[in-house]
2 protein chains.
Amino acid sequence: MDERKRQVLNAIIKDYIATAEPVGSRAVAKKYALGVSPATIRNEMSDLEELGYLEQPHTSAGRIPSDRGYRYFVDHLMEREVLTDEEINLIHLNLSRRLNEVDTFMRQCCQFISQLTNYTVMMIMPQVGKGKLEKITFIPLNDNQVLLTILTTSGLVSSRLLQLPVSVDAKSLKILEDLLQQKLGGKEMKELNVTLLREVSNLMSRQKQLVEQVLELMDQALSPQEDERVFTGGALNMLSQPEFRDIDKLKNIFGLLEEDDKIKQLLMQKTRQRGTSVAIGQELPGGKMKDCSIVVSSYQVLGGMTATIGVLGPTRMLYPKTIPLMEFITSELTDLFGRK
Amino acid sequence: MDERKRQVLNAIIKDYIATAEPVGSRAVAKKYALGVSPATIRNEMSDLEELGYLEQPHTSAGRIPSDRGYRYFVDHLMEREVLTDEEINLIHLNLSRRLNEVDTFMRQCCQFISQLTNYTVMMIMPQVGKGKLEKITFIPLNDNQVLLTILTTSGLVSSRLLQLPVSVDAKSLKILEDLLQQKLGGKEMKELNVTLLREVSNLMSRQKQLVEQVLELMDQALSPQEDERVFTGGALNMLSQPEFRDIDKLKNIFGLLEEDDKIKQLLMQKTRQRGTSVAIGQELPGGKMKDCSIVVSSYQVLGGMTATIGVLGPTRMLYPKTIPLMEFITSELTDLFGRK
DNA sequence: AATAGCACTCTCCTTCAGTGAGTGCTAAAA
DNA sequence: TTTTAGCACTCACTGAAGGAGAGTGCTATT
């Protein structure tokens, strides 16, 4: 893999990313003045194909990058674009705006990033289940309804509405609250399973039935299923990509976007790596997304938890732009959620 | 418009709904034994076209229903399908399941209805802003964060996290809470604008600055924009409709689905009518959705508020199935939210 | 008033040749 | 040995032409 091969590969990938059309030897020689003739380029292209970096849709067409080609491009060739001041300002403006409840914030964030990148965005929420419980509160709303709010060390608030089958007076509730606070405060959220809760319930022998019911509701409300919400935005952007003119491909992708579990799987797989990573084409699980890539980036929240953002686009993605963008955004988010 | 014309129109629309292909005179005569020859049918079809109920894609093709034709079908011709026991059970099962926080419930509801109908579903949440304020609570979480929860007469809870720029002690907060409760309790939510809040703030002269800030945050948090959340589900279903093989049409529709404001507009327009109503093709505003219809249905929530569900599909929609389905679902929801 | 017959229209499909972009190979030049 | 020019070849794409098929509209007949 000598220097000229790299130049040729770089040129082809850049051109293909820009045009979505197979790139011919003549075009490379012309646009990216490498000082050699098309014939020479052809030889190099032939070599690159043999090495697995390029593909040919049919014998008399130009070349397109293979997944492996993109991988090499991302790892070794591309020159990262530097964010413009304008973009930086825009990001600051949009991310610093009133720190809402997590839910709203995530939704806005998705929309904003999808506008910025022109790709589809998927996010998973910082998992409440992973911090330590800091404060637990019951608010009696009326005889049957109680609002349960939980604050974790990560600074996240999660609130759930509990429908009680029997009425409870405020005093009993207060006692229960104090007890739970005392027993559960400082514990890891994920330890709050039925077993532990039941232990507590044994202590409250007086109103055993009530306690049991409250605890069961709590357990249910805090289940991971409820916990790890998935957000998406900018699915529309997929429709503008020429590679997804085909309805069947679109069906695959939109099908995935409506299944939260699949998205989680997709994002979690890459989350272990710190910072920003890329999965290209076949590197994605399932095989249904062979023409897609995702840029996955995590940000830290207080308490050592991570939240994850994924940008989904065609393999022919603007990596040199998208990757720095996501790195910057997640570092901003880490800042935002990292300081109290 | 004699009986036979109606039979012919009915037959054509039923056939077109089933096949999405222009319907010819021969096909009508064969499948829907009307006891007359294709030639006779042709004459009737020609008349129906003159009356505006049918259209012809080109001279030598069969006929397809016009928007007006569908309208006549929905209003006068169609035989409503009766829900099967299976469907009724399924609906019961899915709607009665644990009454979660509104948010989660709405999301699940959207998904469920889109699966049931095979169309795209849009919902707007019961508007918190339309009930009366019943109970207001501050929960101090730490020095800077306060959780504001509001219960309305409709039985809905809405909670918002407030970030205070200065720290507040619990006692002051309690005083403020009591005062707000006293002054604002029983007031219509939509009256809770800055003016009224400021009035309150004048009463709290001691800690004026703090109060101002809290109130401003409250006002912001309760703004209608935050209030009227829009949910969608089953956008994927659109991709299976043959009329939306065309990417540009899809873009229009998906574009709309990502704009909450447009959806609100769409649903609100029809909401005034009680019960279930249908908007067909050009009857929809904007002109971008000329091949779509929506079935809009509202359900009542305690306190006289209404929430709205819209089912979006092609004009060639299974009206006889979808309309009864939506009527049943909304009546179930009214039941569910109507009883305490 | 309903129907059979028939010419006519228009789309869709297939075929076919022409065009152009691009390759791969070979032989000559550097 | 590497690079280049030349050239034949391949293959997708386009547009024209022709045939098939579905369906209509008109007219004459029942």
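Lettering follows sequence order; numbering is per chain, from 1.
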Compare the minimum distances between each of [options] and the side chain of [X], then state the nucleotide with the smallest one.
| X | options | result |
| --- | --- | --- |
| A/R42 | D/dC7, D/dA12, C/dC10 | D/dC7 |
| A/T40 | D/dT4, C/dT11, C/dT9 | D/dT4 |
| B/R63 | D/dG25, C/dT11, D/dC11 | D/dG25 |
| B/A39 | C/dT3, D/dT3, D/dC11 | C/dT3 |
| A/H58 | D/dA12, D/dT10, D/dT3 | D/dA12 |

How many whole angstroms separate atom [atom1] of [X] from atom [atom2] of [N]?
| X | N | atom1 | atom2 | answer |
| --- | --- | --- | --- | --- |
| A/I64 | D/dA12 | CD1 | P | 14 Å |
| B/Q56 | C/dT9 | CD | P | 14 Å |
| A/M45 | C/dG22 | CE | P | 9 Å |
| B/L54 | D/dT24 | CG | C1' | 14 Å |
| B/D47 | D/dC26 | CG | C1' | 15 Å |
| B/N43 | D/dG23 | CG | P | 17 Å |
| A/I41 | C/dA21 | CD1 | C1' | 16 Å |
| B/E49 | D/dG23 | CD | P | 15 Å |

What's the separation between atom [atom1] in [X] and atom [atom2] in [Y], rounded to the nearest 0.5 Å?
| X | Y | atom1 | atom2 | value |
| --- | --- | --- | --- | --- |
| A/Q56 | A/I64 | CD | CD1 | 9.5 Å |
| B/N118 | B/M317 | CG | CE | 11.0 Å |
| A/I309 | A/T330 | CD1 | OG1 | 6.5 Å |

Only one of A/Q7, A/R6, A/R4 forms a side-chain hydrogen bond (donor to acceptor under 3.5 Å, both in side chains) with A/E44, so which one is it?
-> A/R4
Establish, from distance only, whether the side-chain atoms of B/Y32 and B/N10 form a donor-acceptor pair under 3.5 Å.
-> no
Under the 3.5 Å rule, do the base of D/dT24 and the side chain of B/S60 count as making a donor-acceptor pair?
-> no
Kindly say if A/S46 contacts the phosphate of C/dT23, meaning a side-chain N or O under 4.0 Å from OP1 or OP2.
-> no
Residue-phosphate contact under 4.0 Å: B/R4 side-chain N/O, C/dA1 OP1/OP2 = no
Report the residue (A/R26 or B/S37) whose heavy-atom-nearest nucleotide on DNA chain C is the more 5′ of the two.
-> B/S37
Residue pair B/V36/B/T59 against DNA chain C: nearer the 5' end by closest nucleotide is B/V36
